[in-house]
Amino acid sequence: MSVAIYNTLSRQKEAFQPLVPNQVKMYCCGVTVYDYCHLGHARSYIVWDTVRRYLTWRGYDVRYVQNFTDIDDKILNRARQENSSMKAVAEKYTGAYFEDMARLNILEANEYTYATHTIDGIKRLIHELEQKGYAYPAEGDVYYSVRKFDGYGKLSGRKLDDMRAGESGRTDAIQTQIKRDPFDFALWKSAKPDEPAWDSPWGMGRPGWHIECSAMVRDRLGETIDIHVGGADLQFPHHENEIAQSEAATGQPLATYWMHNGMVNVDGTKMSKSLGNFTTIRGLLDAPDAPNPMAIRMFVMQAQYRMPLDFTEEAIIAATKGWATLNEGLNFGVQYGDQLGWQRSHPDNLPNNQSTPSIPLDKTALSQFQASMDDDFNTPRAVAVLFGLAKELQRQRNLIVHTGQRDTNSAALERQWQTLVQLAQVLGLEAQAISSVASADQIGDPDVETLIAQRTAAKQAKNYAESDRIRANLSAKGITLIDKPGGVTIWHR
RNA sequence: GGCGGCAUGGCCAAGUGGUAAGGCAGAGGAUUGCAAAUCCUUUACCCCCAGUUCGAAUCUGGGUGCCGCCUCCA
């Protein structure tokens with residue numbers, strides 16, 4: 001069995017076959033660094049992180065490259081607003097990007113590329129396109145002539161003659177006059193006074209938006225890569241233009257597989273900066289009642305990556321509770337492994353998911369998980385497998401807590417737990433210590449026993465206000481009391 | 001106007017021909033002084049109409065509604 005990937009180019013799922021066996025070259029269109037990332041970005045990068053982790057787990061040697069667009073009109077505008085420079089703004093938000101992604105447990109790319117570091121490659125590419133007749137200079141700018149490229153529109157499935165130029169209402173009046181065709185796009189833009197600019201055969205200026213990705217892919221990964229990913233909103237024109245640029249220059253396919261993630265919606269419409277309906281990642285995670293970052297991953301993974309995903313408070317709460325269940329399962333071994341006589345009561349350390357687990361894993365869960373993920377990364381189904389394991393561990397934990405017994409043998413439990421831990425890692429879900437009690441609030445066992453005795457006395461005196469007060473008090477210190485028949489109270493942290 | 005996508009229980013969401021995974025929420029019961037946790041039970045005319053088929057949420061045709069893109073976008 002192989003991994004099936006929905007390829008935007010063919011509009012169907014295809015069996016994944018890398019160009020070189022077992023090696024995957026993957027390029028992800030990154031952010032334009034002019035503001036903090038919002039949940040739309042979070043979804044996108046969580047999705048691609050998961051794809052990458054899964055392919056790695058599946059045995060592929062994945063080389064993952066992501067870019068930063070650090071030359072752009074929006075960055076310039078922001079720099080003007082903040083009385084800063086394009087470089088300073090770009091650096092600020094690039095730093096913020098790394099902070100946000102780390103919190104979401106998104107692995108770093110093998111390599112990050114920057115438009116500003118790729119100027120030579122960009123100029124070389126534009127020159128080639130000019131030589132081959134795909135590009136023409138006009139008043140200091142250079143444009144790509146879309147009608148020269150036969151395959152134009154093949155990714156987004158549209159024909160030039162069917163589109164309405166300017167439908168989005170964002171066309172530039174001056175460019176419209178200069179260009180030979182309304183769909184021609186800028187490869188190089190002449191600089192206005194006091195804008196950052198680079199010298200070039202066409203004069204001082206800066207690259208257009210699309211050319212950087214073509215140049216960066218070529219520089220870092222070569223002429224043809226296996227998987228090119230990005231948001232669905234990049235399909236047209238960005239990716240279409242990348243294809244036109246790269247393939248016109250090299251005569252080779254830019255990527256075998258194109259993958260696009262669905263948008264995050266708010267009240268049924270796309271989260272976007274221009275609509276002002278966005279929530280930044282840090283805004284959400286730093287709020288007073290902030291959800292756990294892993295809950296954000298859960299939120300993302302409980303929907304198939306190509307479907308739209310509605311961001312609501314309710315959805316985040318549901319994801320938070322779901323995560324709590326999974327996390328309890330992930331902590332099972334840490335809490336009970338020693339008691340059950342396990343050799344290893346801590347998760348196998350699986351750097352980059354590549355180590356072989358120390359014990360055989362649960363075959364059924366494993367194959368269900370793999371079948372789900374092989375089917376175009378069906379994370380909702382994969383997550384259901386994790387819930388199956390976590391719920392069983394939860395049941396056993398409850399049995400142990402209440403009766404000191406369990407009804408499954410220790411080896412089977414260890415296997416289930418290790419399976420859960422490993423599969424969670426493949427999805428980037430990282431166990432977190434359950435205790436949320438600050439160390440200053442820690443309480444020793446003898447004190448707990450004393451308080452329980454006091455509570456039992458209060459209960460016998462039918463002073464329930466006092467007994468509830470003691471229970472609440474202990475609860476605040478992370479102690480859970482369980483009243484059992486016969487007036488016996490047991491407890492656990 | 002063009003292209004593409006989606007419509008499954010209270011909410012979210014799998015499922016592409018054999019009669020509906022999972023999460024969240026709710027209800028009833030066991031247990032409890034009340035809880036918590038757990039256990040048991042329980043909540044689906046799969047947008048509408050027509051067709052194909054022994055059989056359709058799943059295929060075909062036609063509707064309806066919603067969303068995305070048509071040079072800012074993850």
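Residue numbering restarts at 1 for every chain, and letters A, B, ... go by the order of the sequence lines.
Taking the six-membered ring for Trp and the full ring otherwise, A:Phe68 and A:Phe98 have centroids separated by under 6.0 Å. Taking the ring centroids of A:Tyr6 and A:Tyr257, they lie at or beyond the 6.0 Å cut-off.
B:rU19 is unpaired under the criterion used here, namely a Watson-Crick or G-U wobble arrangement in which both key atom distances are under 3.5 Å. B:rG26: Watson-Crick or G-U partner is B:rU42, with both key distances under 3.5 Å. Taking a pair to require two hydrogen-bonding distances under 3.5 Å in either a Watson-Crick or a G-U wobble arrangement, B:rU58 remains unpaired.
Straight-line distance from the CG atom of A:Leu386 to the P atom of B:rG22: 14 Å, rounded to whole Å. The CG-C1' distance, from A:Asp100 to B:rA74, rounds to 14 Å in whole Å. If you take CD1 of A:Ile316 and C1' of B:rC11, they are 14 Å apart, rounded to a whole angstrom. Look at CG on A:Asp376: it is 15 Å from C1' on B:rG15, rounded to the nearest Å. Taking atom CD1 of residue A:Ile281 and atom P of nucleotide B:rA74, one finds them 12 Å apart after rounding to whole Å. At whole-Å resolution of the value, CG in A:Asn277 and C1' in B:rC67 are 13 Å apart.
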Query - Chi angles and distances behind the salt bridge (Lys or Arg N to Asp or Glu O under 4.0 Å) call for A:Asp72, A:Arg206 - result: CA-CA 9 Å; A:Asp72 182 83; A:Arg206 56 196 158 91; over 6 Å; no
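Annotation: cation-pi pair A:Arg180/A:Tyr143 absent, no NZ/CZ under 6.0 Å from the ring centroid and within 45° of its normal.
Taking the side chain of A:His41 as heavy atoms from C-beta on, and the options B:rG22, B:rA14, B:rA74, the nearest nucleotide is B:rA74.
Counting atom types as modelled, A:Arg471 pairs a side-chain N or O with a base atom of B:rA35 as donor and acceptor under 3.5 Å.
Look at the P atom in both B:rU32 and B:rU42: the space between them is 24 Å, to the nearest Å.
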